[in-house]
Amino acid sequence: MNGTGRPGDNQLGESTGDVRVGVYVCHCGGNISDVVDVKALAGLMAEYPHVAVAKEYPFMCSDPGQEIILEDIRANRVNRVVVASCSPTLHETTFRRALQRGGLNPYLYEHVNIREQVSWVHKDDHAAATRKALALVRAGVEKATRLDPLEALRVKAERRVAVIGGGPAGMSAALALAGAGLPVDLFEKGPALGGRLLEMGRVFPTGEEATALARRLAEDVAAQGSIRVHLGGEITRVDGYVGNFEVRVEEGGSQARVKAGALVLATGFDHYLPGAGEFGSGDAARVATLPEFQKALGSLPAGKVLRWRGREIRHLAFLHCVGSRQAEGLNPPQADGKVNDYCSRVCCTAALHAASQVLDRFPGTQVYDCHKDIRTYGRGHEAYYEDAAKKGALFFRYAEDALPEYLPASGLLPARLKFRDVLTWMEEVEVPADLLVLATGVVPRAIKGLVESLKLPVGADRFLQEAHPKLRPVEVANNGIFLAGTCQAPMTLDEACAAAGAAAAKAAQLLSQAEISLDPFVVELKAERCTGCGKCLEECSYSGALKLVDRPLAGLGATPPGPEGLSAAVIAVNEALCKGCGACVAVCEPRALELAGWHLDQFEAMAGAIAAS
Amino acid sequence: MANATLSYDVLVVGAGIAGLQASLDLADQGRKVLLVEKQPSIGGRMINLSKVFPTLDCASCITTPRMASVAHHPNIDTRTFAELKGLRREDGRFRATLRQKARFVDGARCIGCRSCEEACPVLVPDEYEHGLGARKAIRIPFTNAIPQLALLDMDHCTLCGLCARACPTDCIDFLQKDADTEVEAGAVILATGHELTRMDAKPHYGGARLPNVLSPMQAERLLAPHGAYGRVLRPSDGRIPDSIAYVQCAGSRDRSLGVPYCSRVCCMFAAKQAMLLSGSLPTADITIYYMDIRAFGKGYEQFVANARAMGIHFVKAKVARVTEDADHNPVVRLERQEDRGLPEEVTHDLVVLSLGMLPGADPVLEDFAGVRAAPDGFLESPQAPLAPARTSQPGVFAAGTATGPKDIVDSITEAGSAAMEAVGFLRRLGEGRP
C-alpha cells in the first residue's frame, strides 16, 4: 500500500501522471433533480480542474447509468470516478463494482451524497441546495484526484458455521447449511433441541403439535453427520472476526473452543411478562398469559364448559396488545425507560387460534375478544378470526386513549374488564371474565454477553438490528454475522424458518470461497514514525486490532539508533480486526497512523474545496 | 446448436424481487442459474413503485442494483419476454419449454439508442404508467429496464416503417416469430408473483369507470418523481387534488370477491402513499377508510404512528360504494364506526382503491410438473410452517408472493430460503439420493 496520497499514483495514470476524473450526477428519478439543478451542476463540474467529463443521468445505479461510466473509462480515459447520488450505504459498492468491470481499480472511486445531505433536507431552497451540492462534489473531486489504488484484504476463512440457538430457526439454519455441504456447530443452552416449540401447544395455521415439529427437526439434525450439537453449554465468550470467529462454551465443567468462519444468531425471543398487577396479572387463578393458556389448552378435557384451575369458566376474555403497541404516557415504561411501541405480530392469530379451539371444545364458554386491531394477516390466519366470529365470540375494540381496567371479583360480581368500546360508539363496557387471557407480546431474549462481545447493533425496539431491511435483511453491520428468526423481530414459525434459510444462504455464500475479501480501509502504519507511546491503544475500541510489539531498534527513525540487539515497542495492526474508524489516527502525534483511502491530506483538500466554494 | 439443450443447476421463473434475490443467492454459491421473465424487463413490480415502506427508500434505488448484479453475474443467464410453457420431470431432472415471444427486434443488434422510439408516430396507453401516460408502439419499456432492448407492439403497429428507417443497426424485424426452446435444470424455483384485483372487480367502487378512482399502482406512478405526470394531478381535469381518500380492503377480506384472506401490504402501502402525498401536497386532506390497520412488520407500527402524527386521518369505516358528482369528484358512501355509525356521503377529489393480491400463475393450467395450488389459488406449501419454500413437488420450490401475499422484506428472506432448499436438493441429487 502506498502511504502518500499524491495524485497520479494509480495504475492507469501512473506513467502519464494524467488524472482524469469522471463526474456523474444522478437525478435519482427526481429525488435529487427536483431540488438540485443537476444540469447546471454537471456543467460547472465539467470546468473544474482534472475533470475530464461531467454528466447527469436519471438513475446512475441502473445498468444504462453504469454503462455511461464504463464507456467513459474506455473512450475518454477516465481514471477516477465521482458519482453524486444517494447515501454511500446504498450504492458505493455498486459503483466500485462497475469500476472493476471497466478495468479500473475499484478504490479510485469517490461517492458524494447529494440526496440525504442535500435534496432531501433543503427542499425549499433550490439555489442554495445546488450551491451546497456543488461544494460537496468539488470536495469529492479533490479527494478523487488524491486517491490511490488499493487492494482488498484477503482473509482465510474457517469453513464451518456456528449457529447459536437450537430452536426452530437455529435448527433450520443448521440443516440448510449442512444441506449445502458446510459443517455446523449448533449451540443450545437448554438440555434439548426445540426451543420455544417445546413449550407450545398446537401451531397455527396447520394445527400441528409444536413438540412433534420440534422432534422432527431434531431428528433431521441428528441424521446430519456434519452438524455437531452442543447441548446444555453456556457460551462464555465469542470473539474474532469474519472468517475467524471463536466460540467458547462451557460444557459439563470443561471449556470447549470452536472455530467458525461465520456466525448465525438464532437466540430467539422471550414472552413479555406483565408487570405486577398489570391487567390483573398475579391472580393466577383468574388471569393467565396466552402462552400459559395455549400450553395448557391441549391437555384440558373437552366438555360443555372450560375448567381452569378447578373453576368453571363461563366467560373467557382475551385482551390483545399486552406488552405490545404500548403508548408513552399511557403504559408504564419498561426497565430501560422505554415502552414497547412495536406490534408483536403473532399474538392476534395466536389468540384467535386459541379462541377458536375453546369454542370448538367448550361450547358453553362465552368468548370475548378485546383488541385494538385484529391482525390476522398471514396465510390461513383470517380463517381463525372468521371461525371464532361464526361460533359466537364477541369482539370489542377498546379505545386507544385509555388502558382497559381489570376489576377483580367482588361479592356476587365476577371479575370484569372495563374499557370504552369503539364499535358501540365509545360506550363504556364491562366484560365479565372468569378467566382473562393476556395476549402477551414478544420481547428480545436477553443476550447482553453476545451483544457486548461482538458489538452487535441493537435497534430502538431492543431486537438485533439488520443492516438494511431490504438490501441486507438478515445481515448485521458486522461482517460474517447473520440473523435467523426472532432475535431480529417478532415472527411466526414459518417466517422464522424462512429467515433462517436466508441467513444460511448468506453464510454459505461467504464461505463458498477459501478466502474472504474485505474492504481495505484499515489503518496503515509508518513504523519509522511510531514512538510506541501507546495512545492509540487507549482509543481503539476493537480488541486486538492494535497491539504493541517489540521491534529491533536498528533502523527505527524516530528514536535515536541504539546498540544492536536492543528493541523498542512499536504498534502492529491486525487488518482483519481493524474497522477503519480512525480514532487512533486522531491521537497519533507523530502521524505514524493513516487510514487507507482516508488520508489526512485528502481531508484537507476536501475541506479546502468546501471553504473555497 | 439445434440439438444442444442448455443445462442449468436451477431454473428460476419470475424476475421480480424474489426471483432476483433467489438467483443471486444461488449464483453467489457457484450455481448456474437460468432466470426467465415473461415481461420485457427484469425487476418485477418493485421497479414500478415510487418509494417503499418503512424506510421510504426509493424503490429504484433498491431494485436497480440487484437487477444490474443479475445482468452481469457470470453464473446467471437471463431470458426476458419469455414464458414457461410446460415443465416436466425427466430422468430426475427438469425439462422446460420456454417460449421466447417476438420483440420484432433483433436483440443481438439493438443498441438501445431509442431512435426507433423517437421516429414512431403511434401513441398508445403506457402499461408501465398504468394507463396514465402514453408510449410509442415501439419503445424501450422504461428508463431503467434491463435489457435495454426495443420492443415492438405489433397490436398497435401501423407498419409505417419509420422505425426501420431510423434504426442505425437495422435490427427491426417485422417478420420475427415466437420461438420455443428447451432447457434442462436440476431444480426449479417458482417466483411467479401476484396480480392485483381487477379495478372493476367490485363495480360499486367505481374502479375502471370513474376517472378519479385510481388503482394503487397508478397512485405509485403519480408519486414517482419520474412518473407519468411528474407530479400529483388527478386524471379527469389535471387539477391538484385537495382531498384524497383510500378505500382499504377493496379486494381483500371480501368473500363476495372470493378473496377471504388479508393481502398483508395494503395497510402499509396506503400509509406510505398517504405520507408521500402529504409531502407533495402539504395542504391536502388525506383519509384512510379501514377495517383494521395491520402494521405488523418490523418498524411498521412506528411508521403508521408517524403517518398519524403527520395528520393523515385514519377512519374506521366500511365503504359501501363510490359514485361521482357532476365535476367527477368521487363521492364515498360509508358507515363511520367510531361515530354514531350512520351512513354518510363524503366527497373527495381523488380516491384510491387498495386492491388486494391475487395469484400470478396457475400451476395446473400452466403445467408446472404437477405443482398444486391451495384453495386460495396461490401455490400450495404443504410443509409450512417448517419449510415454507417447498411446493407439492420435490425439487420445485417457491419464493415471494407465489405462495401468498407478502411484502418485499418477507419476499426477499423467503427467496434466500428457497435458494438454500434448491442447493440442498441439488446436493442430494448429486449424491444419488433425491
Side-chain angles (χ1 to χ4, degrees), chain A residues 28-31 34 58-59 61-64 66 86 90-91 94 101 168 172 176 179-181 203 206 213 216-217 325 341-343 345 373-377 379 381-383 386 422-423 425 469-471 473-474 488-489 492-495 497-506 508-509 512, chain B residues 25 28-30 52 54-55 57-58 60-62 64-65 67-68 71-72 112 143-144 146 148 224-226 230 253 260-262 264 292-296 298 300-302 305 316 337-341 376 384-389 404 408-410 412-414 416-417 419-421 423-424 427:
Chain A
C28 196
N31 278 299
D34 285 353
F59 288 105
C61 60
S62 70
D63 213 41
Q66 295 183 36
C86 53
L90 283 171
H91 284 324
T94 309
R101 282 208 311 281
S172 297
V203 302
T206 53
L213 294 178
R216 198 194 306 165
L217 279 173
R325 298 182 68 187
D341 57 358
Y342 56 88
C343 165
R345 190 165 179 147
D373 292 282
I374 294 284
R375 294 186 165 171
T376 42
Y377 66 89
R379 205 176 188 189
H381 297 191
E382 193 85 348
E386 287 190 13
V422 176
L423 302 179
W425 315 307
K470 295 184 183 67
L471 292 171
V474 294
Q488 181 182 10
T492 62
L493 180 56
D494 56 333
E495 288 159 355
C497 291
K506 292 295 159 206
Q509 284 158 35
S512 65
Chain B
D25 282 344
D28 285 345
Q29 294 181 60
V52 286
T55 46
D57 282 313
C58 76
S60 285
C61 305
I62 309 289
T64 44
M67 291 163 66
H72 296 295
T143 317
N144 36 15
I146 292 183
Q148 287 275 303
H226 54 301
R253 302 179 68 190
Y261 54 84
C262 164
R264 286 175 76 145
D292 293 283
I293 288 297
R294 296 189 163 173
F296 54 82
K298 185 165 184 171
Y300 294 4
E301 182 73 25
Q302 296 88 332
K316 183 158 168 76
Q337 293 181 326
E338 289 171 36
D339 226 334
R340 295 309 302 178
D376 62 9
L386 295 185
I408 294 167
V409 176
D410 290 346
I412 291 174
T413 43
E414 205 181 89
S417 127
M420 286 313 276
E421 291 277 11
V423 167
R427 274 191 85 246

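The structure displayed is predicted, hence computed values, not measured ones.
Contact detail for A:E382 and B:P260: the closest heavy-atom pair is CG-O, 3.4 Å. Among all heavy-atom pairs drawn from A:P64 and B:T143, the shortest one is CG-O, 3.9 Å. The two residues B:T55 and A:P469 make their nearest non-hydrogen contact at CG2-CG, 3.6 Å. Here the closest non-hydrogen pair linking A:A176 and B:M420 is O-CE, 3.5 Å. The nearest pair of heavy atoms linking A:C343 to B:A295 is CB-O, 3.6 Å. The heavy-atom pair separating A:K470 from B:P54 by the smallest distance is NZ-CD, 3.8 Å.
No part of A:T492 comes within reach of chain B, as not one of its non-hydrogen atoms sits under 4.5 angstrom from that chain. Using a 4.5 Å cut-off between heavy atoms, A:E386 touches chain B through its side chain atoms alone. In this structure, chain B has a heavy atom under 4.5 Å from the side chain of A:F59, while its backbone stays farther away. Looking at A:S62, both its backbone and its side chain come within 4.5 Å of chain B, counting heavy atoms on both sides. Heavy-atom distances place the side chain of A:D34, and not its backbone, under 4.5 Å from chain B. For a residue to count as touching a neighbouring chain, one of its non-hydrogen atoms must lie under 4.5 Å from one of that chain's; by this rule A:V203 touches chain B with the side chain only. With a 4.5 angstrom heavy-atom cutoff, A:C86 does not touch chain B via any of its atoms. Heavy atoms of B:Q148 lying under 4.5 Å from chain A belong exclusively to its side chain. Contacts of B:D410 with chain A are made by side-chain atoms alone, with heavy-atom separations under 4.5 Å and no backbone atom involved.
Interface check for chain A: of the options B:G404, B:G30, B:A387, B:S60, the most heavy-atom pairs under 4.5 Å are formed by B:S60. Between chain B and the options A:V474, A:L217, A:N31, the largest number of non-hydrogen pairs under 4.5 Å is found for A:N31. Of the listed residues A:G30, A:G179, A:A504, A:S512, the one with more heavy-atom pairs under 4.5 angstrom with chain B than any other is A:G179. Chosen from A:P473, A:S172, A:C61, the residue pairing most often with chain B at heavy-atom distances under 4.5 Å is A:C61. With respect to chain B, the highest number of heavy-atom pairs below 4.5 Å among A:L90, A:L471, A:T206 belongs to A:L471. Between chain A and the options B:P385, B:G424, B:A224, B:A419, heavy-atom pairs under 4.5 Å are most frequent for B:P385. Chain A forms the most heavy-atom pairs under 4.5 Å with one residue out of B:D292, B:D25, B:T64, B:N144, and that residue is B:D292. Taking A:A383, A:A489, A:A498, A:A500 one by one and counting their heavy-atom pairs under 4.5 Å with chain B, the maximum is reached by A:A498.
Here the CG-CG distance, from B:L386 to A:L493, works out to 5.5 Å after rounding to the nearest 0.5 Å. A distance of 12.5 Å separates CG in A:D373 from CZ in B:F296, rounded to the nearest 0.5 Å. Atoms CZ and CD1, on B:R294 and A:I374 in that order, are 7.5 Å from each other to the nearest 0.5 Å.
The salt bridge (Lys or Arg N to Asp or Glu O under 4.0 Å) test applied to B:E421 returns B:R390, not counting sequence neighbours. Taking A:H91 as the reference, nothing meets the ring pair (Phe, Tyr, Trp, His ring centres under 6.0 Å) condition, with sequence neighbours excluded.
A donor and an acceptor atom, one from each side chain of B:Q302 and A:D341, are located under 3.5 Å apart.
Salt-bridge check for B:D376 with A:R379: passed, with a basic side-chain N closer than 4.0 Å to an acidic carboxylate O. Salt bridge annotation for B:R264-A:E495: present, with a cationic side-chain nitrogen under 4.0 angstrom from a carboxylate oxygen.
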Dump the intermediate steps for side-chain contact (heavy atoms from CB on, under 4.5 Å) on B:S417 and A:C497, then the final yes or no.
CA-CA 8 Å; B:S417 127; A:C497 291; over 6 Å; no
